[in-house]
Enquirer: 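The structure follows.
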Amino acid sequence: MSIDFQTLHKVNEGKTKIIYENPEDASTVFMLFKDDITAGDGVKHDVIEGKAHVDWQTNRDIFEYLNRKGLPTHYVSSPEDRVSIVKKLDFKINLEVVTRRVAAGSILKWGKFTEGTRFDPLITQFHYKDDALHDPMLDETYIDYMIQAKGSTEYQEMREINAQVFEILEDAFAHFKIQLVDFKLEYGLIDGKVTLIDEITGGSFRLWPYAKEKPDLNQANVLAELDPKGRLDKDTYRMGGDLSTVKSKFDAIAALTAGFKDLP
Ligand SMILES: Nc1ncnc2c1ncn2[C@@H]1O[C@H](COP(=O)(O)OP(=O)(O)OP(=O)(O)O)[C@@H](O)[C@H]1O
Ligand SMILES: [Mg+2]
């Protein structure tokens with residue numbers, strides 16, 4: 001099967017993917033991965049040949065694993081290189097839902113947290129998706145208001161699904177001696193249900209290898225147990241790493257997640 005995208009109606013094009021109508025099935029769309037990589041809400045931008053391919057692989061292997069574990073996702077299949085079929089959104093929830101196990105990145109600026117502080121239970125934050133506003137974090141009381149006053153259950157469901165996905169992927173990466181530090185996911189409504197959408201790739205999370213064979217991860221700060229310099233994620237790009245190093249990290253992630261199909 002080879003899909004001729006020239007003939008298909010483009011529904012939407014974002015920074016890293018293009019969405020096309022599926023003429024054979026109105027309930028699904030094609031998601032085509034691009035070689036583009038961006039950071040800082042799109043301010044930093046490059047094209048890395050072959051990135052679309054590895055992102056597509058990573059995304060496929062993670063979503064197939066999540067579907068196998070019974071989570072509500074939009075993912076259906078991956079019929080050819082760089083192309084996935086996903087259930088079409090009825091409504092996009094314009095939020096980024098961030099869950100954190102270990103303090104890293106932007107949270108260090110807000111909370112005076114020391115890098116490596118371990119969160120147990122997990123911390124989840126909601127950000128309003130708007131590049132021009134730099135994706136501001138929503139206030140907890142506003143979220144409570146939406147849940148209680150408006151009878152909205154979506155926040156609570158997203159919070160629960162995010163934590164479930166986190167724990168499942170944290171365990172999966174642990175098989176490869178890697179700590180899932182944090183991630184950012186997106187949701188929409190499909191058939192009236194809160195559903196995990198979009199992509200999960202090297203740009204969605206922080207991954208730090210274990211620094212030792214048997215790290216002690218049950219302590220207040222786990223920085224000494226982990227190897228942030230060996231990071232396998234988009235921070236390499238954010239921090240100004242050269243594009244071939246960035247690509248090698250994304251290759252390494254795809255090689256890892258290829259092993260998810262063999263996990264129980
Ligand atoms: N199941 C789905 N059905 C329809 N559209 C989807 C689905 N999953 C993701 N999309 C949309 O695909 C578009 C392209 O994704 P991409 O990640 O490239 O966008 P982006 O540049 O990050 O911008 P955005 O802020 O819109 O997410 C996004 O608008 C996203 O919401
Ligand atoms: Mg995106």
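What you see is a predicted model, and the numbers here were worked out from it, not measured in a lab. We count ligands from 1, going down the list as the structure has it; atoms in each ligand are counted the same way.
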Enquirer: Consider ligand 1: state whether an atom of it lies below 4.0 angstrom from any non-hydrogen atom of K34.
Expert: no

Enquirer: Enumerate the atoms of ligand 1 whose separation from the nearest heavy atom of K129 is less than 4.0 angstrom.
Expert: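 Listed by number with element, the hits are 24 (P), 25 (O), 27 (O).
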
Enquirer: For the pair K87 and D191, find out whether any cationic side-chain nitrogen is under 4.0 Å from an anionic carboxylate oxygen.
Expert: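 A salt bridge is absent here (no side-chain N lies under 4.0 Å from a carboxylate O).
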
Enquirer: Using ring centroids (six-membered ring only for Trp), state whether Y142 and Y128 fall under 6.0 Å.
Expert: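 No, the ring of Y128 stays outside the 6.0 Å limit from the ring of Y142, centre to centre.
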
Enquirer: Hey, are R206 and D182 close enough for a salt bridge, meaning a charged N less than 4.0 Å from a carboxylate O?
Expert: yes

Enquirer: Check each heavy atom of I19 against ligand 1 and say whether those closer than 4.0 Å belong to the side chain, the backbone, both or neither.
Expert: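 Answer for I19: side chain.
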
Enquirer: Between N59 and T201, does any side-chain donor sit less than 3.5 Å from a side-chain acceptor?
Expert: no

Enquirer: Answer yes or no: is there an ion pair linking D198 with K17, defined by an N-O contact shorter than 4.0 Å?
Expert: yes

Enquirer: What verdict does the side-chain hydrogen bond (donor to acceptor under 3.5 Å, both in side chains) test give for Q179 and E225, after you've listed the backbone C-alpha separation in whole Å, the side-chain angles of each residue and the deciding distance to 0.1 Å?
Expert: CA-CA 10 Å; Q179 174 68 45; E225 309 298 309; over 6 Å; no

Enquirer: Taking only heavy atoms of E199, which atoms of ligand 1 are found under 4.0 Å from at least one of them?
Expert: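 So the atoms of ligand 1 that pass are 17 (O).
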
Enquirer: Mind checking whether H74 contacts ligand 1 via backbone (N, CA, C, O), side chain (CB onward), both or neither, at a 4.0 Å heavy-atom cut-off?
Expert: side chain

Enquirer: Identify, by atom number and element, the atoms of ligand 1 in contact range of T16, meaning under 4.0 Å from any of its heavy atoms.
Expert: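 Within the 4.0 Å cut-off of T16, ligand 1 contributes 16 (P), 17 (O), 18 (O).
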
Enquirer: Once you restrict to heavy atoms under 4.0 Å, what part of V86 touches ligand 1? Side chain, backbone, both or neither.
Expert: side chain

Enquirer: Do any N/O atoms on E13 end up under 3.5 angstrom from N/O atoms on ligand 1?
Expert: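 Between E13 and ligand 1, no N or O pair is found under 3.5 Å apart.
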
